[in-house]
Amino acid sequence: MLALWIVLAVVLVALVALGLRTGVRRGRRARSRGPSSPGASRPATLPIASSPAPTEAPVPPADAAAASGPGPVVLRDGMDRTRGALSGYLRAMRSRGSVDDRTWQELEEALLRADVGVATTTALLDGLRARLRSGELRGAQAVVDALREELERSLVAADGSELHFAQGATNVWLFVGVNGVGKTTTIGKMARSQMAMGRSVLLAAGDTFRAAAGEQLDTWGERVGAEVVRGRPGGDPSAVVFDAVQRASARGNDLVLADTAGRLHTKVNLIEELKKIRRVAERPPGKVTEVLLVLDATTGQNGLNQARQFLDAVGVTGVVLTKLDGTAKGGIVVAIERELGLPVKLVGVGEGPEDLIPFSPAEFVGALFD
Amino acid sequence: MFDALSGRLEGILGRLRSRGRLSEADVDQALGEIRTALLEADVEVGVARSLVDGIRARLVGEELSRSLSPGQQVVKAVDRELVRVLGGEALRITYAPAPPTVVLLAGLQGSGKTTTSAKLARWFRHQGRNPMLVGADLQRPAAVEQLRILGEEAGVPVFSEATDPVTVSRTAVAEARRRGRDVLVVDTAGRLTIDQALMEQVRQISSAVSPHYTFLVIDSMTGQDAVSTARAFHEALSLDGVILTKLDSDARGGAALSVKEVVGRPIAFASTGERLGDFDLFHPDRMASRILGMGDMLSLIEQAERQFDRQVAEEGAARLLQGQFTLEDFLAQLQQVKKLGSLGGVLSLLPGLPKELKGAGDLFDDRQVGQVEAIIRSMTPAERADPEVVDGSRRQRIARGSGTTVPAVNSLLRQFREARAVMQSSGMFSGLFGGGRGRGGAGTDPVASLAEMLGSAGPSGDDLGTLRGDLSPLESSPVPGLLGGGDLEGLAGRALPPEVEGPKGPRAAKSKKKGGRVTPKANRPGRRG
């Protein structure tokens, strides 16, 4: 009896709450049918951009402990393990020379293991099959080379992978993503490289939810010598971003790096909160010139959903692929680029403050194959 | 969670179910699609292969049963195989005779170790233990600070000091003895990569505290890499199990399937939300039915029994039966439901809910429920007893008082009326409370009625019903009505064991005392054929 009632009670509550939601939505829509639709237009960014190259800035003492690991790494080192996975297949395949069923199976498996995903893998391989049939490609080596080219081509961003920066404005770069992908750390690294380029950076601790997220950003602020604007724990993150933009504008900072709390892309209310943060950041003098989706390279097929939802909600402009040294995978970015046209702009390849480097398709793909 | 995977499987299996006879080509095609579904769910390539092979073996093997249609047999084979790969029963924690019982958490960065530590400590506290948290992550800025805040929230003391992780852990054990703490949960630092330094540090901590349990924390959104991570940690630390985090995402949970298969260690716990309470033991058998889209009533009932006020619940049910259910009663029930956790999470546990409503689960959050509450609380007792008296000016007052809008108030009133009407008229009550088996057509299926009411066609009660009737762990589902009445009737005659009849509340309670374990597979129709 209790059990029965639980079901009923839950369904009852759900129904009423759901009705309320749709009802309220209807109401809201009716009201907002005014001349101005906020957040409808993306800002026209001035792509006066440059790549945030790793800098020669001296490491402050605070870093000594954290940076005690391996020094700056190049992408390929980080991708050692994938190389193992993929190149094993490829070597065996090449040595056989001819292309048979097993070749296709192995290629498929190799791509799947790199998290490229079933749909993308099938599309890629079908294309190669057709080219092989038409006689354009001959032999296993040619197929592998063509695959490599194809992957590379699909990763080259249409409008370049540079970070947009409007000279003379208070730029806001918003960092979004699910929990635990490394947003705060990425901001810390980003602050360093941008400051080294001569930009005046202010950090906005927009993660008011996770315990001690503000402290974590504070630590980074101290390390790189950037001011951090914080709010009260559990406070409104939009208010923090607003304050940060005001402060930046008053003090002449030209770049606000805004942290946000990690949120699953499936939580509608949290995504709404994020939209609000973006709207608020967009208010003059603020100008949102980048919305960067931070993506953990170990992410599987779910990464595509993440990218899609965040793109829809806040107009993501690019992807930062973190922890690439950890897994040497990240094949999901191929699907993200192909399906959503979202370029990878930066990759995090290590724990050191210098380990955030521009994304290079050739190197990324090369590391998969060699 | 697992929604996409279950959606895919439901689709594939639903099509098969309607066939009277399956050709080899049919089976091959279905298996191919199942493989794709598994891979899209991030099941590791090798594990996906072994799963598909296992299903095929069951299909051609001796398990064919005459009482089931070929399609149903495929469904059964998939279910069995999922349960096999996920591993049978939930882990049972045993405590060290000489406290403290030490639990070590390890994992990569960002998998959620710190939050999980706090959740696990809270879980131990709710088991009647005296846990203590140990902050041995001295690496990440503010990690210990985060643990302290979470520990406070969980009501669990946190021990840490600015020495080194190994010393902290060792001191913590002595400290736990001194303070009479009998469970120690040690949070360790993560790394970006499985490297020697990380493994060495964790290994040293491990040998310093000789943990009784070592758990690896894995993000459920992890792709193919989950398996190699688990394997590496297992080699270094000899894991006892895995804790899966962020299961409330739309990740399809392939990691859960793969890790057990590859390292041979079960998923011990799963974390399903941001709140500290959104954490519990992982029940592999229940997860299989969840993956197949059959809900998980058993978990829901266990949770409810812990947290529902029985009297309030019974009064509410009685009043609804008598047709006297008011907004006041509704408010009382709402308080109860709130205790179960996020509404979306609760909904996802219900079997046979139409996708529309299940998907709507993601739309809910506590704020919406809070709004409902605010609106009702802004009404006078008279208005709550009889919503009909609420006229235009009262509406405005209520909207102002609750900080909402008149349309919101309207919609709540309308929705309440309609929901109440459906609940009363659906005939489900007579079925449930009269001890029947949910006889009758789709009309008695409350879910179908609800779906209708929501204006969505929903899946045809018939189709899903058969799947459910065939497969759902009947013992674990105390609501025959929710199983799709029509088909149950057909199956009941030959398949339902006698003890399944009648209301199952007490039964569920009994099985809980036995440790929450039931054997949902034993009494399935297939066995009897």
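Numbers restart at 1 for each chain; the letters A, B, ... are given by sequence-line order, proteins then strands. Note that these values count all heavy atoms, side chains included, but never hydrogens, waters or copies made by symmetry. No experiment lies behind these values; they were computed from the predicted model shown.
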Shortest non-hydrogen pair, Asp115(A) vs Asp225(B), comes out as OD2-N, 4.5 Å
Presence of salt bridge, Glu215(A) and Arg148(B), under 4.0 angstrom: no
Please check if the side chain of Lys246(B) supplies one atom and the backbone of Leu264(A) the other of a donor-acceptor pair under 3.5 Å. no
Do you know the tightest heavy-atom contact between Gln146(B) and Ala212(A)? N-CB, 3.4 Å
Heavy-atom distances under 4.5 Å only: say whether Glu44(B) touches chain A with side chain, backbone, both or neither. side chain
Please flag which part of Thr219(A) lies under 4.5 Å from any non-hydrogen atom of chain B: side chain, backbone, both or neither. side chain
To the nearest 0.5 Å, what is the distance between CG on Asp296(A) and OG1 on Thr222(B)? 7.0 Å
Do Gln306(A) and Met221(B) have side chains that approach each other closer than 4.5 Å (heavy atoms only, starting at C-beta)? yes
Using atom types as modelled and distance alone, determine if a side-chain donor or acceptor of Asp42(B) lies under 3.5 Å from a backbone N or O of Gln301(A). yes
Enter the distance from Thr298(A):OG1 to Gln109(B):CD here, rounded to the nearest 0.5 Å. 11.5 Å
Taking every heavy atom of Gln224(B) against every heavy atom of Arg113(A), the minimum-distance pair comes out as CB-O, 3.5 Å
Below 4.0 angstrom, N of the basic side chain to O of the carboxylate: do Glu274(B) and Arg210(A) qualify? no
Nearest 0.5 Å, what's the CG-OG1 distance between Asn179(A) and Thr115(B)? 8.0 Å
Tell me, for Arg35(B) versus chain A, whether the close heavy atoms (under 4.5 Å) come from the side chain, the backbone, both or neither. side chain
For Asp101(A), look at atom CG and say whether over 12 heavy atoms of other residues, nucleotides or ligands are found less than 6.0 Å away. no
